[in-house]
Amino acid sequence: MIIGKNVLTQVPELFQKYFKDKKAIIVADTTTYRVAGQEVFNHLQKAGIEQDEPFIFDDPNLYAEYSFVEQLSNHLKNTEAIALAVGSGTINDLTKLASHENNRQYMCIATAASMDGYTAFGASITFEGAKQTFNCPAPKVCVADIDILKDAPVEMTASGYSDLFAKVTAGADWILADELNVEKIDPQAWSIVQDGLHDALSAPQQLKNRDEEATRKLIEGLMLGGFAMQWSKSSRPASGAEHQFSHLWNMEHHTNNGENVSHGFQVAIGTLAITVLYEHVLAHPFDQLDIDKCVEAWPSMEQLEAQATEFFKDTDFPTIGVQETAAKYVDKDQLREQLSILKNNWPKIKSRLEQQLISFKELQERLKLVGAPYEPEHIGVSREYLKNTFVRAQFIRRRFTVLDLIVRTNTVDYFLNKIFGKNQIWDLKPQLIS
């Protein structure tokens with residue numbers, strides 16, 4: 001992992017060190033080839049490294065979808081060349097999976113501080129209508145040139161900032177899972193992501209102004225998120241309920257004025273939504289929870305399967321709700337045990353969550369400063385759609401989050417009324433949003 005200024009000149013040396021006498025092939029889109037791909041090609045050529053003709057995606061609607069993986073994978077089958085992914089999220093994920101399908105490693109040259117997947121294990125790809133994480137290794141080498149990153153479109157940097165901010169709520173979700181004995185925190189993965197997180201998020205205005213130091217901190221934070229996912233072979237250290245919102249919107253083909261919304265901008269609204277939910281959860285007296293009432297209301301697996309089937313019957317992913325709900329289902333005895341832990345330890349759990357979270361007001365202000373969306377309407381999500389997402393999102397992933405907490409405590413409607421009721425933060429009455 002090389003982060004610095006003028007580091008593209010080091011690409012030939014790094015390629016020779018880690019890939020010996022292999023041929024190279026640059027993978028880019030038309031924009032990223034212009035921004036950095038041509039320069040990398042020239043450096044490799046000057047160093048005498050044999051190259052195939054660059055593979056350049058020219059589809060204006062390019063996104064991380066499996067048909068594009070197939071295009072690249074089929075091309076790589078006809079060569080022994082090592083791919084150099086020159087781009088950001090989409091190019092990296094497509095190259096990561098296509099290289100893995102051809103039993104080889106690859107190299108990545110980042111062109112924007114726009115997401116945390118550069119150094120991550122796994123590729124997030126839409127396949128058969130559903131956003132899925134395919135198991136495949138991270139790049140062997142990753143290079144990030146600060147001059148290129150800081151000059152990327154400001155919305156890409158804002159997208160990366162939003163993706164990094166999601167680690168705050170993702171951490172809160174992991175604390176909940178840890179406290180309720182659902183999924184224990186891995187101290188190493190936690191430390192990699194969380195230790196420097198607040199410092200990396202401290203300068204949104206400077207990021208918008210293309211400040212070098214702020215950009216360096218952002219890309220380091222994003223890369224560390226990827227390393228944590230490598231360590232744990234899971235996205236748990238960097239992804240919680242806020243990402244479930246984004247994945248669901250992708251799966252439902254949500255667009256804003258006919259255009260796809262970036263992952264980071266989706267996550268910005270998802271993080272706001274989960275943050276405001278947490279604020280209401282922390283104000284709730286779970287130490288007075290009526291466990292018997294919750295257990296009595298708990299549906300059978302058959303009832304949940306019927307509900308999940310009904311929710312997604314007219315989508316591209318009709319079975320995912322049943323599949324993911326079944327994977328995390330607990331019986332009434334297990335539910336009683338979890339809720340007893342919650343009730344008996346609520347002051348301690350609440351304290352840990354309060355130390356982790358940043359207020360809705362502060363988050364919204366920082367998103368404004370960095371140039372990210374800070375109201376759902378900014379990405380074309382109506383308040384009714386957002387409210388519906390709170391209900392549907394917990395069905396599409398088996399990961400335990402605060403959404404599962406409110407389901408298991410039978411408080412979904414209560415909290416949604418706190419968020420979307422009359423005179424609440426996202427009152428459902430028509431809004432004029434600047």
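Atom CH2 of W190 is surrounded by more than 12 heavy atoms from other residues, nucleotides or ligands within 6.0 Å. Sparse packing is recorded around NZ of K418, with 12 or fewer heavy atoms of other residues, nucleotides or ligands lying under 6.0 Å away. Surrounding NZ of K343 are more than 12 heavy atoms belonging to other residues, nucleotides or ligands, all under 6.0 Å away. A 6.0 Å sphere centred on OH of Y18 holds no more than 12 heavy atoms belonging to other residues, nucleotides or ligands. Under a cut-off of 6.0 angstrom, the local environment of CD in E337 is sparse, with at most 12 non-hydrogen atoms contributed by other residues, nucleotides or ligands.
By the 30° and 60° cut-offs, the orientation of the rings of F286 relative to F415 is tilted. Ring-plane geometry between W249 and H254 is classed as tilted, the angle between the planes lying from 30 to 60 degrees on a 0 to 90 degree scale. Ring geometry for F57 against F55 counts as perpendicular: the plane angle is over 60°, on a 0 to 90° scale with 30° as the lower cut.
Expressed to the nearest 0.5 Å, how far OG of S359 lies from CD of E279 amounts to 6.0 Å. Separating the CZ atom in F390 from the CG atom in D413 is a distance of 13.0 Å, to the nearest 0.5 Å.
Between the K96 side chain and the S124 main chain, no donor and acceptor come within less than 3.5 Å of each other. Without hydrogens or angle criteria, R336 side chain to V295 main chain gives no donor-acceptor distance under 3.5 Å. In terms of modelled atom types and a separation under 3.5 Å, the side chain of S382 and the main chain of Y385 share a donor-acceptor contact.
A salt bridge links K167 with D116: the distance from a Lys NZ or Arg NE/NH1/NH2 to an Asp or Glu carboxylate oxygen falls below 4.0 Å. A salt bridge is absent between D173 and R399: the closest approach of a Lys/Arg side-chain nitrogen to an acidic carboxylate oxygen does not fall below 4.0 angstrom. A salt bridge links D404 with K328: the distance from a Lys NZ or Arg NE/NH1/NH2 to an Asp or Glu carboxylate oxygen falls below 4.0 Å. Under the 4.0 Å criterion applied to side-chain N and carboxylate O atoms, E324 and R398 are assigned as salt-bridge partners. Under 4.0 Å is where a charged nitrogen must lie from a carboxylate oxygen, and between K332 and E296 no such pair does. Salt-bridge check for R366 with E362: passed, with a basic side-chain N closer than 4.0 Å to an acidic carboxylate O.
A donor-acceptor pair shorter than 3.5 Å can be found between the side chains of N102 and S73. Side chain to side chain, S340 and N344 fail the donor-acceptor criterion of an N or O pair below 3.5 Å. Residues T309 and E305 bring no donor and acceptor atom of their side chains to less than 3.5 Å of each other. Of the N and O atoms on the side chains of Q356 and Q194, at least one donor lies less than 3.5 Å from an acceptor on the other residue. A side-chain donor from one of D316 and H253 sits under 3.5 Å from a side-chain acceptor of the other. With hydrogens and angles left out, the side-chain atoms of W426 and E375 include a donor and acceptor closer than 3.5 Å. If you check the side chains of E65 and T126, you find no donor sitting under 3.5 Å from an acceptor. Side-chain N/O atoms of S234 and S232 include no donor and acceptor closer than 3.5 Å. Under 3.5 Å, the side chains of N92 and Y106 contain a donor-acceptor pair of N or O atoms. Inspection of the T79 and D52 side chains reveals an N or O donor paired with an N or O acceptor under 3.5 Å.
Geometrically, K368 engages Y374 in a cation-pi contact, judged by NZ or CZ lying under 6.0 Å from the ring centre and within 45° of the ring axis.
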(request) Could you give me the CA-CA distance, side-chain angles and deciding distance for F127 and F134, then say whether side-chain contact (heavy atoms from CB on, under 4.5 Å) is met? (result) CA-CA 10 Å; F127 179 67; F134 287 80; 3.7 Å; yes
(message) Does K77 form a salt bridge (charged side-chain N to carboxylate O under 4.0 Å, His left out) with E101? I'd like the steps, not just the answer.
(response) CA-CA 9 Å; K77 285 176 184 175; E101 289 182 346; over 6 Å; no
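For D59, there are no salt bridge (charged side-chain N to carboxylate O under 4.0 Å, His left out) partners at least two apart in sequence or on another chain.
Listed by first and then second residue, the ring pair (Phe, Tyr, Trp, His ring centres under 6.0 Å) pairs involving residues 320-339 are W298-Y329 (not counting sequence neighbours).
Among I109, V86, I56, T32, the single residue meeting the side-chain contact (heavy atoms from CB on, under 4.5 Å) criterion with I26 is V86.
Close placement of the H284 and Y414 rings is indicated, their centers lying within 6.0 Å of each other.
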Donor-acceptor contacts, no H, no angles, side chain residues 175-183, under 3.5 Å, sequence neighbours left out:
from: D178; atom 1: OD1; to: K184; atom 2: NZ; distance (Å): 3.4
from: D178; atom 1: OD1; to: I185; atom 2: N; distance (Å): 2.9
from: D178; atom 1: OD2; to: R352; atom 2: NH1; distance (Å): 3.1
from: E179; atom 1: OE2; to: R352; atom 2: NH1; distance (Å): 2.8
from: N181; atom 1: OD1; to: K184; atom 2: NZ; distance (Å): 3.4
from: E183; atom 1: OE1; to: R236; atom 2: NE; distance (Å): 3.0
from: E183; atom 1: OE1; to: R236; atom 2: NH2; distance (Å): 3.2

